[in-house]
Each structure stands twice: as structure tokens, then as C-alpha cells.
Amino acid sequence: MDEQLKENIMGALELVVDPELGVDIVNLGLVYDVEMDESGNTKVTMTLTSMGCPLAGTIVDQVKRSLADIPEVNEVDVNIVFNPPWTKDRMSRYAKIALGIR
């Protein structure tokens, strides 16, 4: 996948807001990787802020919907992983400011 397409995908994923924190999943550092095969099948590898996140299904659905309007994307598979574990260090400066974290 070229860099422009990856930027488009990441931009679309910035529209997915963690309902508990009110900040998007990209700036929270929850998206670890995005891969796409030659057929447009796209795999988003991401984590959640906690293993028992009750809104995991909602976030996965939002990820799939956010990528639906990108013509190059065919199927979307969201792979939830917990290794490496998420920490506040993965958050962008914007997310830290929005949540009042130093």
C-alpha cells in the first residue's frame, strides 16, 4: 500500500472516537498497524485501553464503517491484540492535552 493510501486510512480512523475517553483511536495510540493485500482486504491491528473494554464491539464496528468510503478498501478485518500492551506513552501530544495527562 502506498503512503498516500495509508494516510487516507489513518485519517478515516481518526474519526473513530473512543466513547469512554472522547479522543480518537489514532491519537490514543490504539492503532498499531494497517495492512492491505492486492485485493483491498485490509487488516487493522489495534488494541484497547483495557482488556475488558465493554465497548470493544462498538469500536470494531466504527472502524469498519470509517473505512467503507475508501474505494481501495474491500473487506476490513480488525485484529484486537494486547501485546504489546497499550500505555499512555503511545498517546499523541494532542490526546495527552485533551485528557489532561502530562
Single-linkage hydrophobic cluster Leu15~Val76, side-chain heavy atoms < 4.5 angstrom: no
How far apart are the C-alpha atoms of Val44 and Asn79, what are their side-chain angles, what is the distance that settles it, and do they pass the side chain to side chain contact (heavy atoms under 4.5 Å, CB included) test? CA-CA 6 Å; Val44 178; Asn79 181 29; over 6 Å; no
What residues, two or more places apart in sequence or in another chain, satisfy side-chain contact (heavy atoms from CB on, under 4.5 Å) together with Asn41? Asp37, Ser39, Asn74, Glu75
What residues form a side-chain contact (heavy atoms from CB on, under 4.5 Å) with Ile80, not counting sequence neighbours? Met46, Leu48, Val60, Val78, Phe82
Who are the side chain to side chain donor-acceptor pair (under 3.5 Å) partners of Gln4, not counting sequence neighbours? Asn8
Sorted by chain and number, sequence neighbours left out, side-chain contact (heavy atoms from CB on, under 4.5 Å) with Asp61 holds for Arg65
Linking I/L/V/M/F/W/Y whenever their side-chain heavy atoms sit closer than 4.5 Å, directly or via other members, would Ile25 and Leu99 fall into one cluster? yes
Suppose the criterion is side chain to side chain donor-acceptor pair (under 3.5 Å): which pairs have a residue in residues 14-36, not counting sequence neighbours? Asp24-Asn27, Asn27-Ser92
Applying side-chain contact (heavy atoms from CB on, under 4.5 Å), name anything that partners Leu5, two or more places apart in sequence or on another chain. Met1, Asp2, Ile9, Met36, Ile70, Glu72
Do you reckon Leu30 sits in the same ILVMFWY cluster as Leu55, going by side-chain contacts under 4.5 Å, direct or chained? no
What are the two closest heavy atoms between Lys88 and Lys96, and how far apart are they? O-CE, 3.3 Å
Member of Val23, Val17, Val16 meeting the side chain to side chain contact (heavy atoms under 4.5 Å, CB included) criterion with Leu28: Val23
Using modelled atom types and a 3.5 Å cut-off, is there a donor and acceptor pairing between side-chain atoms of Thr42 and backbone atoms of Gly40? yes
So do Met91 and Trp86 actually touch side chain to side chain, heavy atoms under 4.5 Å? yes
In terms of hydrophobic clusters joined by side-chain contacts under 4.5 Å, are Val26 and Tyr94 together? yes
Heavy-atom pair with the smallest gap, counting every atom of Met10 and Val34: SD-CG2, 3.9 Å
